[in-house]
Number of protein chains: 2
Amino acid sequence: MKSDKISEAVVRRLPVYLRYLNELHKREVTTVSSQELGQKLDLNPAQIRKDLAYFGDFGRKGIGYDVSYLIEKIRQILKLDQRINVALVGAGNLGHALSNYNAFLKDNMKIVAVFDAHPAKIGTSINNLTVQPMEELERTVRDNAIRIGIITVPDFEAQNVANQLISAGIEAILNFAPIILKAPAHIRIHTADFTTDLQSLAYYLDNGKEESAHEETQVDG
Amino acid sequence: MKSDKISEAVVRRLPVYLRYLNELHKREVTTVSSQELGQKLDLNPAQIRKDLAYFGDFGRKGIGYDVSYLIEKIRQILKLDQRINVALVGAGNLGHALSNYNAFLKDNMKIVAVFDAHPAKIGTSINNLTVQPMEELERTVRDNAIRIGIITVPDFEAQNVANQLISAGIEAILNFAPIILKAPAHIRIHTADFTTDLQSLAYYLDNGKEESAHEETQVDG
DNA sequence: TAGATTGTTAATCGATTAACAATC
DNA sequence: TAGATTGTTAATCGATTAACAATC
């Protein structure tokens, strides 16, 4: 079963598969079953098989999946087999941290330009890249065929920066500012907001009892 | 309709509501309807009403929601009305960036301790906090009633750090390492992995046509 | 009163999981 | 051949959305 419309949930699991497959490959494991994969990644094996089957018949009945072949296929699906240039806007602490993560990203996706509006930042160097003024954003994006923008500016500037990235021709945005960006439908936006992560985590803190089906707790009991 | 089991999707939207409500409050808006909220946050109004109704009757028919009251209620639900201490493990670039975000978190959630295994880091200062060695983690966590741990160490150390946090009595973890952590069921783990975010973003880059229902494109056509 | 908007039930939609024939 | 495991269909589960009576 090829194509149809693939749900975002499926797409978000692909990088997770890829990461673990790369680890297996490094360990020289050549074959893996959906069951092993599921166990390691806390996912249902049927779900993994189904996810992969959306894109092709990658496995062999009775055998499992060839690790190298599956890595190749997932990289193709995610377009990680082609060079993808990324721009980072906001040369603060977080921007600095992210630009260092280039090491973690496989060769083909790379932050190739950093921008900031703050005069003091411009011209300084971050991880071998010179911070450029916002005025150069449009030209740099076009000249370097930059397709993804990462936003690490304060929230009140984020929408403005997004607009500039979009009019420069960027196709997708990874937004770290705690705000819901508005953009045309053809622009893909992912929000990576750890304030939200942390706050929703607080919900699950246990204040006393709740579901203490365990017989463990003896304080307060 | 109170309680039942609340889905994670619902819990994850609460901080989003809260953030925008705080903005409204700052602008001295006193009342808001689910429709306005939905428009601003790109959500279905019925969904917002349903989400809130899980926790109580916070609105008034014909009127909408009182902004201040709803803020208070959501803060209670998320346990943000009580002081929650957080520990950060991994004093690298990302850890540094996160510790600065204290400013963005409301008063009640705070990073109160930073740890690192690297001798060169220990004793240095990050955002007014002295980096402590891992050996002190257990005691510091207990003495300061730290309930949440943030992991910003390299992937190969992440599981080990998680184990230490858990045995020190932490209740929840925000994990930035690109790995699936194993933990007992009562420990809540959220993964904030932007490698995954970026890679799944690449999938949506448009290589040519796909769903060009728009008549815009004339190059390549 | 008329208009607006909630809380909630019912309908829809979509995603996950189970089951199994095909086959290595 | 017997055992293992895929790809896929059907069953289940859960989340979103529509609709509307209640009521401010």
Side-chain angles (χ1 to χ4, degrees), chain A residues 1-17 20-21 24 29-74 77 180 200 203, chain B residues 1-17 20-21 24 29-74 77 180 200 203:
Chain A
M1 273 293 101
K2 300 284 161 58
S3 50
D4 281 291
K5 207 164 286 168
I6 310 295
S7 84
E8 186 174 335
V10 174
V11 174
R12 284 193 164 270
R13 282 190 292 267
L14 295 178
V16 178
Y17 301 154
Y20 184 59
L21 289 164
L24 288 177
V29 177
T30 57
T31 296
V32 69
S33 71
S34 60
Q35 185 161 129
E36 291 167 66
L37 234 28
Q39 199 165 340
K40 200 68 182 185
L41 303 177
D42 265 336
L43 295 170
N44 183 298
Q47 183 171 63
I48 295 175
R49 293 200 299 278
K50 200 160 199 266
D51 283 356
L52 296 174
Y54 280 118
F55 302 97
D57 291 1
F58 300 149
R60 285 214 294 161
K61 293 186 169 76
I63 309 289
Y65 298 90
D66 182 271
V67 172
S68 296
Y69 181 68
L70 193 51
I71 287 175
E72 188 193 327
K73 284 303 175 183
I74 295 182
I77 295 164
I180 307 292
S200 66
Y203 173 83
Chain B
M1 275 291 103
K2 300 284 161 60
S3 50
D4 281 292
K5 207 164 286 169
I6 309 296
S7 84
E8 186 174 334
V10 174
V11 174
R12 284 194 165 268
R13 282 191 292 267
L14 295 178
V16 178
Y17 301 154
Y20 183 60
L21 288 165
L24 288 177
V29 178
T30 57
T31 296
V32 69
S33 70
S34 60
Q35 186 160 127
E36 290 167 66
L37 235 29
Q39 199 165 340
K40 200 67 182 185
L41 303 176
D42 265 335
L43 295 169
N44 184 299
Q47 183 171 62
I48 295 174
R49 294 200 297 279
K50 200 161 199 265
D51 283 356
L52 296 173
Y54 280 118
F55 302 99
D57 291 1
F58 300 149
R60 285 214 294 163
K61 292 187 170 76
I63 309 289
Y65 299 90
D66 181 273
V67 173
S68 297
Y69 182 68
L70 194 52
I71 287 175
E72 188 193 328
K73 283 304 175 183
I74 296 181
I77 296 163
I180 307 291
S200 66
Y203 173 83

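Below, chains carry the letters A, B, ... as their sequence lines are ordered, and counting in each starts from 1.
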**Partners passing salt bridge (charged side-chain N to carboxylate O under 4.0 Å, His left out) against A:Arg60 (at least two apart in sequence or in another chain)** = none

**Prompt:** Which whole-number value in Å describes the distance from A:Leu52 CG to D:dT8 P?
**Reply:** 12 Å

**Request:** In whole angstrom, give the distance that lies between atom CD of B:Glu8 and atom P of D:dT16.
**Result:** 12 Å

**Message:** Tell me the interatomic distance from B:Asn44, atom CG, to D:dA15, atom P, rounded to whole angstroms.
**Reply:** 15 Å

**Message:** Holding to side-chain contact (heavy atoms from CB on, under 4.5 Å), I want the full list of residues that pass it with A:Lys73, two or more places apart in sequence or in another chain.
**Reply:** A:Phe58, A:Tyr69, A:Gln76

**Request:** Output all residues satisfying salt bridge (charged side-chain N to carboxylate O under 4.0 Å, His left out) with A:Glu72, sequence neighbours left out; order by chain, then residue number.
**Result:** none

Pull out every protein N or O sitting under 3.5 Å from an N or O of nucleotides 3-6 of chain D, one pair per line with the distance.
| from | atom 1 | to | atom 2 | distance (Å) |
| --- | --- | --- | --- | --- |
| D:dT5 | O4' | A:Gly62 | N | 3.2 |
| D:dT5 | O2 | A:Gly62 | N | 3.0 |
| D:dT6 | OP1 | A:Ser34 | N | 2.7 |
| D:dT6 | OP2 | A:Ser34 | OG | 2.6 |

**Request:** Identify, with sequence neighbours excluded, every residue that meets salt bridge (charged side-chain N to carboxylate O under 4.0 Å, His left out) alongside A:Asp66.
**Result:** none

**Asked** Among C:dG7, D:dT17, C:dA15, which nucleotide sits nearest the side chain of B:Ala53?
**Response** C:dG7

**Non-neighbouring partners of A:Glu8 that pass side-chain hydrogen bond (donor to acceptor under 3.5 Å, both in side chains), sequence neighbours left out** = A:Arg12, A:Arg188

**Complete:** B:Gln47 CD to D:dG14 P, in whole Å, measures 17 Å

**Request:** Would you mind listing every salt bridge (charged side-chain N to carboxylate O under 4.0 Å, His left out) that reaches into residues 31-48 of chain A, with sequence neighbours excluded?
**Result:** A:Asp42-B:Lys182

**Asked** When the distance from NZ of B:Lys5 to P of D:dC13 is rounded to whole Å, what number comes out?
**Response** 14 Å

**Item:** Whole-Å distance separating the CZ atom of B:Arg13 from the C1' atom of D:dG14
**Value:** 12 Å

**Message:** Give me the stems containing DNA chain C, sorted by first residue, counting only three or more consecutive Watson-Crick or G-U pairs with both distances under 3.5 Å; say none if there aren't any.
**Reply:** C:3-24 with D:3-24

**Asked** Under 6.0 Å from the CD atom of B:Gln35, do we count more than 12 heavy atoms belonging to anything else shown?
**Response** no

**Request:** Take atom NZ of B:Lys50 and atom P of C:dT9, then tell me their distance rounded to the nearest Å.
**Result:** 9 Å

**Request:** Kindly write out the residues that satisfy salt bridge (charged side-chain N to carboxylate O under 4.0 Å, His left out) with B:Arg13, not counting sequence neighbours, or none if the list is empty.
**Result:** B:Asp51

**Asked** Atom OH of A:Tyr54 to atom C1' of C:dG14: distance rounded to whole Å?
**Response** 9 Å

**Message:** Quick check for you: to the nearest 0.5 Å, what is the distance between B:Gln47 atom CD and B:Leu52 atom CG?
**Reply:** 10.5 Å

